[in-house]
Amino acid sequence: MGAQWPILLGLEALEKPPFRLDLENYTSHKERCFLPSSRKSEVDEDLRMPLSRSVSVSSLSSLPLGGDEGLPVEDLLLFEVAWEVTNKVGGIYTVIQTKAKVTVDKWGENYFMMGPYYEHNFKTQVEVCEVPNRAVKTAVDSLNTSGCQVHFGRWLIEGSPYVILFDIGAAAWNLDRWKGEFWDACGIGLPFHDREANDSLIFGSMVAWFFKELTEQLQDQPNVIAHFHEWQAGAGLTLCRSRKVPMATIFTTHATLLGRYLCAGNVDFYNNLDKFDIDKEAGERQIYHRYCLERAAVHGSHVFTTVSHITAVEADHMLHRKPDVVTPNGLNVKKFSAMHEFQNLHSTNKAKIHEFVRGHFYGHLDFNLEKTLYFFIAGRYEFSNKGADIFLESLSRLNYLLRVHKSDVTVVVFFIMPAKTNNFNVETLKGQAVRKQLWDTVYSVKEKFGKRLYESLLKGEIPDMNKILDRDDFTIMKRAIYATQRHTFPPVTTHNMLDDSTDPILSNIRRIGLFNTRADRVKVLFHPEFLSSTSPLLPMDYEEFVRGCHLGVFPSYYEPWGYTPGECTVMGIPSVTTNLSGFGCFIEEHVSDPAAYGIYIVDRRFRSADESCNQLTQIMYAFCQQTRRQRIIQRNRTERLSDLLDWRYLGQFYTHARRLALSRSFPDKFKVDQAALPHTEGFRYPRPSSVPPSPSVSLHSTPHHSDEEEENEEPYDEEEEAERDRQNIKAPFSLGEVPAGKKKPRGEYGN
């Protein structure tokens, strides 16, 4: 790998506007050393960009909002290209899957998704059907007759979008030729040993081939918009642009490739964005060629977008282009929101978690489950990036506070992060077996008791309670009690870990001494595999588990968006996030008092790690002090924010990106007059009307709430408060018309 940028070679032929790759003005950190002093000052000024939102990034308060009605959808074809179409790998799968219905509702049969073909995924998720569009069918047939294998069908998710899947293995015989063509086009070479990069080139080459065949058939009517997600799809965009395929292109990075690698190395990433030698860092991590693929796509696209403002700042430094639009990630709220039943769902699923806890902590179940709170953290096992390090340290401090103040609240914390295991922990399985055996014993004794009581009452006699249970019954019950005794602490993990001695979570649990002793008010459980309703330990899927918990804690250091707190929000479960996550920044911008709505934001950007730990500890301690009634009210408020995360709203940002891409690729046919854009005020959810203006009420001075305090609290009407909030919200447009005589169903549950 050379020190120069091969990515720049061969791309000069692309038209300058809107293609922004500027060889003359590009200055790497290495090249700065050889610049004259006057030029150095200009470069330094660019590199000292503060960690605030870039003025070029559209936000809620400045984006022209409106539906796809402004676009002639019937005269356009929209394609979304991503590695995770029908192929679940990470969060991008959730983005594409949940957004499908909103997009299909607007674009109908003019919307197609494109991804790699995997036989198992295709057979289980895709329904084969005929290609409805003649030009698309011709392009698919052309690739199939040329030795490639392209599959078409409907993806069986909500919205049932059309999918075009390319078989990478069947086209691998073209790899060497396509590598040469890619080098000739943009000067990027791929090593033979990086299979993922080679697969992305095969995929990209077939995608570019498809678009060339398609546009030749269409002859500029209708026009094509292609939206590429992440670097794996970037090769297709770069090839389309180098071959001058007439279509509008959008590229979205959900997290910069180098940023993820740097943060995984425990560097002070955000405070040193302007100090990294990008070429050197990528080369040392042997991802220089991948970085070139990503950067070529970024600079080759007509419109560059990213998912959050914090990632926009990162992209400006790592990829040297400011995003044109920020496209926040949304959710299909209808799937998660159970209208008035979400409080009942919380109670039902909490009872399932109670059963698991009874078995896991048998012999040490000396705490009241009615006063037990369930916290959890979930996601990829990235110990530092996901904030598991400061979470564990904060739990240690929380345990100390609860013990010092003699609190009767117990906190059970679940770590749901997949790691390498070889089987279930025997002690954990035994706990569930003991619980089940005890239940069977109780049931049999209850049957005998009921039968004898029934017979006595039939005779008109009041039963003698000393005779209604015989000696055998007492013997059975005593044996059951002895069976629940244990001489070891309840295990901190549910599985046998392959790297027990070096596992980061287990190592830190040993360091802080949270071993689930009787004295501990914080109990820890590491569940190193994703949840499943078929599990013999905790038979719940993820959504059920989240609904049964009280608080999700996600103190991430590197989180370009962060779906986990968003999922908690639409299910009415309070959560903790940070101002270094895209979700946290989004909520800070659009909610006046996030904590009042059950979204707590830890400052990891401008505070030290120790200060962030203290802040997180205080948040969790204050949450432990809430009464049951306060938690119910807070869940109502949390669920009320779900509209803010609905794709019906956030999809408007994608609409703007498409409109902008069309205006740049076909300026004669599509125009975006910035001066004529309608002014929008945006909105911020106000502080709930029942919350006093002073923040002191959220941090009580006493460690325990008495029943008298709960009885003396002011009356609360959820429907009335929700209506006041709706009147105070300055919404730039309506999320949906409400029929006359009907109220909106959001947030009307009163408990």
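Contact of the Trp647 side chain with the Val333 side chain is not registered, since no non-hydrogen atoms from C-beta on lie closer than 4.5 Å. You'll find the side chain of Glu639 stays beyond 4.5 Å of the side chain of Met571, heavy atoms only. With contacts defined as side-chain heavy-atom distances shorter than 4.5 Å, the pair Pro555/Ile377 qualifies. Annotation: side chain of Gln217 is not in contact with side chain of Arg134 (no heavy-atom distance under 4.5 Å). At least one side-chain heavy atom of Phe228 sits less than 4.5 Å from a side-chain heavy atom of Val207. Between Tyr563 and Asn329, the closest side-chain pair of non-hydrogen atoms falls below 4.5 Å. At a threshold of 4.5 Å between non-hydrogen side-chain atoms, the residues Asn579 and Glu588 count as touching. Contact of the Thr305 side chain with the Val326 side chain is not registered, since no non-hydrogen atoms from C-beta on lie closer than 4.5 Å.
For the residue pair Tyr111 / Glu80, a side-chain donor-acceptor distance below 3.5 Å is found, with atom types taken as modelled. There is no side-chain donor-acceptor pair under 3.5 Å between Thr578 and Ser556. Neither side chain, Thr256 nor Thr253, offers a donor N or O lying under 3.5 Å from an acceptor on the other. Side-chain polar atoms of Asn332 and Lys101 form no donor-acceptor pair below 3.5 angstrom. Counted by atom type alone, Thr94 and Thr98 present zero donor-acceptor pairs between their side chains at under 3.5 Å. For His302 and Ser665, the side-chain atoms include no donor-acceptor pair closer than 3.5 Å.
Nearest heavy atoms, Thr249 versus Ala661: O-CB, 4.0 Å. Considering every non-hydrogen atom in both Ala100 and Pro161, the closest pair reads CB-CG, 4.0 Å. When all heavy atoms of Met247 and Phe666 are compared, the pair lying nearest together is CA-CZ, 3.8 Å. Closest approach of Ala139 to Leu214, counting heavy atoms only: CB-N, 4.0 Å. Nearest heavy atom pair, residue Thr564 against residue Ala378, reads CG2-O, 3.8 Å. Scanning both residues, Cys585 and Ile310, for their nearest heavy atoms gives SG-CB, 4.2 Å.
Between the side chain of Ser242 and the main chain of Thr238, a donor-acceptor pair closer than 3.5 Å is present. Distance alone, capped at 3.5 Å, is enough to place a donor-acceptor pair between the Thr569 side chain and the Pro565 backbone. Checking side-chain atoms of Trp231 against main-chain N and O of Leu293 turns up no donor-acceptor pair under 3.5 Å. At distances below 3.5 Å, not a single donor-acceptor pair connects side-chain atoms of Asn110 with backbone N or O atoms of Leu77. In terms of modelled atom types and a separation under 3.5 Å, the side chain of Tyr597 and the main chain of Ser592 share no donor-acceptor contact. Not a single donor-acceptor pair under 3.5 Å links the side chain of Asp646 to the backbone N or O of Tyr649. The backbone N or O of Leu580 lies less than 3.5 Å from no partner atom in the side chain of Tyr558, so there is not a single donor-acceptor pair. Distance alone, capped at 3.5 Å, places no donor-acceptor pair between the Gln219 side chain and the Thr215 backbone. In this structure a side-chain-to-backbone donor-acceptor pair under 3.5 Å is present from Asn121 to Thr86. Under a 3.5 Å cut-off, the side chain of Ser308 and the backbone N or O of Pro560 do form a donor-acceptor pair.
The line from CZ of Phe586 to CD1 of Ile599 is 10.0 Å long, rounded to the nearest 0.5 Å. The NE2 atom of His299 sits 6.5 Å away from the CG atom of Leu319 when rounded to the nearest 0.5 Å. Atoms OH and CD, on Tyr93 and Glu84 in that order, are 9.5 Å from each other to the nearest 0.5 Å. Here the NZ-CD1 distance, from Lys99 to Ile96, works out to 7.0 Å after rounding to the nearest 0.5 Å. Within the model, atoms CG of Asp593 and CZ of Arg637 stand 9.0 Å from one another, a figure rounded to the nearest 0.5 Å. Taken to the nearest 0.5 Å, the CH2 atom of Trp561 stands 9.5 Å off from the OG1 atom of Thr327.
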Q | Derivation of the side-chain contact (heavy atoms from CB on, under 4.5 Å) call for Glu559 and Phe583 | A | CA-CA 8 Å; Glu559 193 71 81; Phe583 176 81; over 6 Å; no

Q. Between Met113 and Ile164, is a side-chain contact (heavy atoms from CB on, under 4.5 Å) present by the stated rule, with each step listed?
A. CA-CA 6 Å; Met113 291 183 176; Ile164 305 170; over 6 Å; no

Q: Begin with the C-alpha distance, continue with both residues' side-chain angles, and end with the deciding distance and a verdict on ring pair (Phe, Tyr, Trp, His ring centres under 6.0 Å) for Tyr542 and Phe530.
A: CA-CA 8 Å; Tyr542 180 72; Phe530 286 129; 8.2 Å; no

Q: Please step through side-chain contact (heavy atoms from CB on, under 4.5 Å) for the pair Leu76 and Val224, ending with a clear verdict.
A: CA-CA 6 Å; Leu76 296 169; Val224 175; over 6 Å; no

Q: Starting from the C-alpha separation in whole Å, work towards a yes-or-no answer on side-chain contact (heavy atoms from CB on, under 4.5 Å) for Val307 and Val95.
A: CA-CA 10 Å; Val307 296; Val95 177; over 6 Å; no

Q | Trace of the ring pair (Phe, Tyr, Trp, His ring centres under 6.0 Å) decision for Tyr270 with Tyr557 | A | CA-CA 9 Å; Tyr270 290 100; Tyr557 181 77; 5.6 Å; yes

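Proximity of the aromatic rings of Tyr162 and Trp155 is defined here by a centroid distance below 6.0 angstrom, and this criterion is not met. Between Phe112 and Trp107, the distance separating the two ring centers is not shorter than 6.0 angstrom. Remark: aromatic rings of Phe342 and His346 are distant, center separation not under 6.0 Å.
Using a cutoff of 4.0 Å between basic side-chain nitrogens and carboxylate oxygens, Asp324 and Arg321 are scored as salt-bridged.
Each of Glu382, Glu230, Glu314, Glu294 was scored for a salt bridge (Lys or Arg N to Asp or Glu O under 4.0 Å) with Arg260, with one residue passing: Glu382.
Listed by chain and number, the residues in a ring pair (Phe, Tyr, Trp, His ring centres under 6.0 Å) with Phe376 are Phe545, Phe554 (sequence neighbours excluded).
Ring orientation note: the planes of His229 and His227 are close to parallel, at an angle under 30° on the 30°/60° scale.
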